[in-house]
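Structure first, then comments.
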Amino acid sequence: MAMASRHQQSAAAAAAAEPPVTVRGDAADPSASRLAQAARDAEFRQLYREAPDFKELSRRDPAFAAVARGRELDFDDAESVVQLTKTLLALDFGLRIELPRDRLCPPVPNRHNYVLWLKGLLDTSSYDAPGRPLVGVDVGTGASCIYPLLACAQRPWSFIATEVDAESARWARRNVESNDLAGRIRVVERAADDALLPLDDLGLGAVDFCMTNPPFYASEAAMRASAEKKARPPHAVCTGATTEMVTDGGELGFVGRILDESLALRGRVRWYSAMLGFLSSAVDLVARLGREGVANFAVAELVQGSKTRRWVVAWSFGPMRPAQHVARGTKAGSAKGGSILPAATEFETTVPTPASVGAFARRLRDTIGALHLLSWRWDEEAMRGHGRAVDRVWARAWRRKRKRETEGVPAGGRGEAAEEDEARCSFGFMVEVRVAVDAVAVRCRWVEGFDAVTFESFQGFLKASVASALEADAPRTRRAET
């Protein structure tokens, strides 16, 4: 089903109004296109689960064979490291890039992980099908323009890519143009004291997301101190410019500026996100989100190899909730002062297999459908339903309140309270029935809304409904046994 919000419509309108960031349409059959997109996404998810096989890369790319030594690569050699990045981008994404010697050389698997997580965040926090055109802002795109290039190779997205360093911006434009993506990626040079999110400056009403991988360090001294603690800093030979490595306040100060701007922009950006190099930065950022009253956020840990770890944090002022594996994607969930993870968005209860799973699912469907819902759509084949409610309509307290508010309303009239209710959704959910070998699982996901207590209340209603649907099946089961 498609229930685009006003924000999604305005984001699409903003994209259409900006020629530099429009997406070329696809006239293919929508269902076939979705299947093809799902297959491509599955392939992209498999990339780099194992370390790249350098011998295999040498077989496929003569340029890489010239710098590799069988299954080994000299990571102290700048040419070898740059060639690894170029080879992976060419073979796995069909991308061509050139990099200057005095700018950062991005490790492809690490950057790809951020894009994968962002896809999951956006896909699972919308009623629209995955793969739709979206507009994003990459803050500090660098000479490689790596994030917009990787994302555009996987999805029909468009980007505003900002950069404060003039030389990096020139290389970024060159890389965009060499991949024929100038119609979808617009590189915008900014001053250091400009707004990091240039929506007003560029006349954009709204965008779907922003992303950033900010400089880690608050000073060059801090950068040197960190390097001294490591036997060999990853990709140390790819020396970055100062603007790529150091920023006032470090990565937390940089992302704090984005948070400050988000408090003014609010829903004009559907999801704000950042990749961080230190767990302590993620902890501090989540703490500040709490102080600002932002309850819809996501935290995940991205692991590459045995040592490299990054943390991603995203937040939204909208009601759409991402899936739990996206929003609570780290085991490092506890910190001094409490958990850094958002409220759970999924619940599952398991019961013995009923005599007729289909009949059990239909009874559950009908029980939920009897509620005063804004919408309830059930897929009989998938045994899955999506519903939206104005309040805790399953609760006795709500029914009493509703009765009081509608008393005295003339026949055929709706009343002001009813009209207000119909204008808003406070809780959206998904319920599905899954069949296992010797049991049936009923799973529920919180899809929309701000109140975690409402989701907890719905869990209680669902448990009771599952028990009731199972009890209705019990006489049949006992008859079958006798």
Side-chain angles (χ1 to χ4, degrees), residues 10-24 95 97-100 103-104 106 111 114-115 118 122 133-153 155-215 240-248 251 253-262 264-265 268-275:
S10 64
E18 279 291 311
V21 292
T22 53
V23 179
R24 291 189 291 271
L95 295 169
I97 70 165
E98 295 296 332
L99 294 170
R103 295 296 186 274
L104 283 174
R111 272 47 175 178
Y114 187 4
V115 173
L118 196 57
L122 295 163
L134 300 178
V135 180
V137 178
D138 178 28
V139 182
T141 200
S144 63
C145 201
I146 187 72
Y147 289 115
L149 291 177
L150 284 174
C152 287
R155 288 291 178 86
W157 294 358
S158 298
F159 277 87
I160 298 295
T162 70
E163 179 54 56
V164 298
D165 180 69
E167 182 68 9
S168 292
R170 281 193 291 272
W171 281 91
R173 290 191 187 95
R174 187 180 306 175
N175 285 322
V176 168
E177 291 164 3
S178 68
N179 288 284
D180 299 321
L181 288 169
R184 292 171 57 190
I185 302 173
R186 178 182 175 185
V187 179
V188 177
E189 194 172 334
R190 305 285 287 168
D193 57 354
D194 283 343
L196 294 177
L197 299 172
L199 274 67
D200 290 335
D201 294 342
L202 300 180
L204 291 172
V207 297
D208 293 284
F209 65 93
C210 76
M211 63 189 308
T212 188
N213 182 192
T242 301
T243 55
E244 295 178 294
M245 309 292 288
V246 176
T247 188
D248 188 29
E251 61 180 7
F254 191 94
V255 179
R257 287 178 60 192
I258 293 179
L259 176 51
D260 288 339
E261 293 180 23
S262 78
L265 294 170
R268 291 176 64 188
V269 179
R270 188 153 60 91
W271 279 101
Y272 303 83
S273 76
M275 185 164 78

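Values below: all heavy atoms of this structure, side chains included; hydrogens, waters and symmetry mates excluded.
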| task | Evaluate the criterion side chain to side chain contact (heavy atoms under 4.5 Å, CB included) for residue pair Arg270 and Leu134; output intermediate values, then yes/no. | result | CA-CA 11 Å; Arg270 188 153 60 91; Leu134 300 178; 4.1 Å; yes
Grab the two heavy atoms, one from [X] and one from [Y], that are nearest each other, plus how far apart they are.
X: Ala182; Y: Glu177; result: CB-CG, 4.5 Å
X: Leu95; Y: Asn179; result: CA-OD1, 3.3 Å
X: Val269; Y: Cys210; result: CG1-N, 3.9 Å
X: Val176; Y: Cys145; result: CG2-SG, 3.8 Å
X: Ala206; Y: Leu199; result: CA-CD2, 4.2 Å
X: Leu99; Y: Ser144; result: CD2-CB, 3.6 Å

| Residue list, side chain to side chain contact (heavy atoms under 4.5 Å, CB included) with Ala192, at least two apart or on another chain | none
| task | Taking side chain to side chain contact (heavy atoms under 4.5 Å, CB included) as the test, write out the residues that go with Arg257, two or more places apart. | result | Leu196
| request: Scan for side chain to side chain donor-acceptor pair (under 3.5 Å) pairs involving residues 196-206, sequence neighbours excluded, and state none if there are none. | output: Arg190-Asp201, Asp200-Arg268
Going from [atom1] on [X] to [atom2] on [Y], what distance comes out if it is rounded to the nearest 0.5 angstrom?
X: Ser178; Y: Ile97; atom1: OG; atom2: CD1; result: 8.5 Å
X: Leu149; Y: Ile185; atom1: CG; atom2: CD1; result: 4.5 Å
X: Tyr147; Y: Asn213; atom1: OH; atom2: CG; result: 3.5 Å
X: Met211; Y: Met275; atom1: CE; atom2: CE; result: 8.0 Å

| query | Is the backbone N or O of Ser168 less than 3.5 Å from a side-chain atom of Glu163, with the two atoms forming a donor-acceptor pair by type? | reply | no
Residues two or more places apart in sequence or in another chain: which of them pass side-chain hydrogen bond (donor to acceptor under 3.5 Å, both in side chains) with [X]?
X: Arg170; answer: Glu167
X: Tyr272; answer: none
X: Thr162; answer: none
X: Asp260; answer: Arg288

| request: Quick one: list whatever passes salt bridge (charged side-chain N to carboxylate O under 4.0 Å, His left out) with Glu98, sequence neighbours left out. | output: Lys86
| query | With sequence neighbours left out, what residues match Arg111 under salt bridge (charged side-chain N to carboxylate O under 4.0 Å, His left out)? | reply | none
| request: Run through Leu204, Val207, Leu197 and flag the one making a side chain to side chain contact (heavy atoms under 4.5 Å, CB included) with Ile160. | output: Leu204
| query | Going by heavy atoms in the side chains, are Val188 and Pro198 under 4.5 Å from each other? | reply | no
| request: Return each pair, listed once, that meets ring pair (Phe, Tyr, Trp, His ring centres under 6.0 Å) where at least one residue sits in residues 180-209; pairs must be two or more places apart or across chains. | output: Trp157-Phe209, Phe159-Phe209
Please output the side-chain donor-acceptor pairs of residues 135-143 that fall under 3.5 Å, not counting sequence neighbours, one pair per line with the distance.
{"residue": "Asp138", "atom": "OD2", "partner": "Thr141", "partner atom": "OG1", "Å": "2.7"}

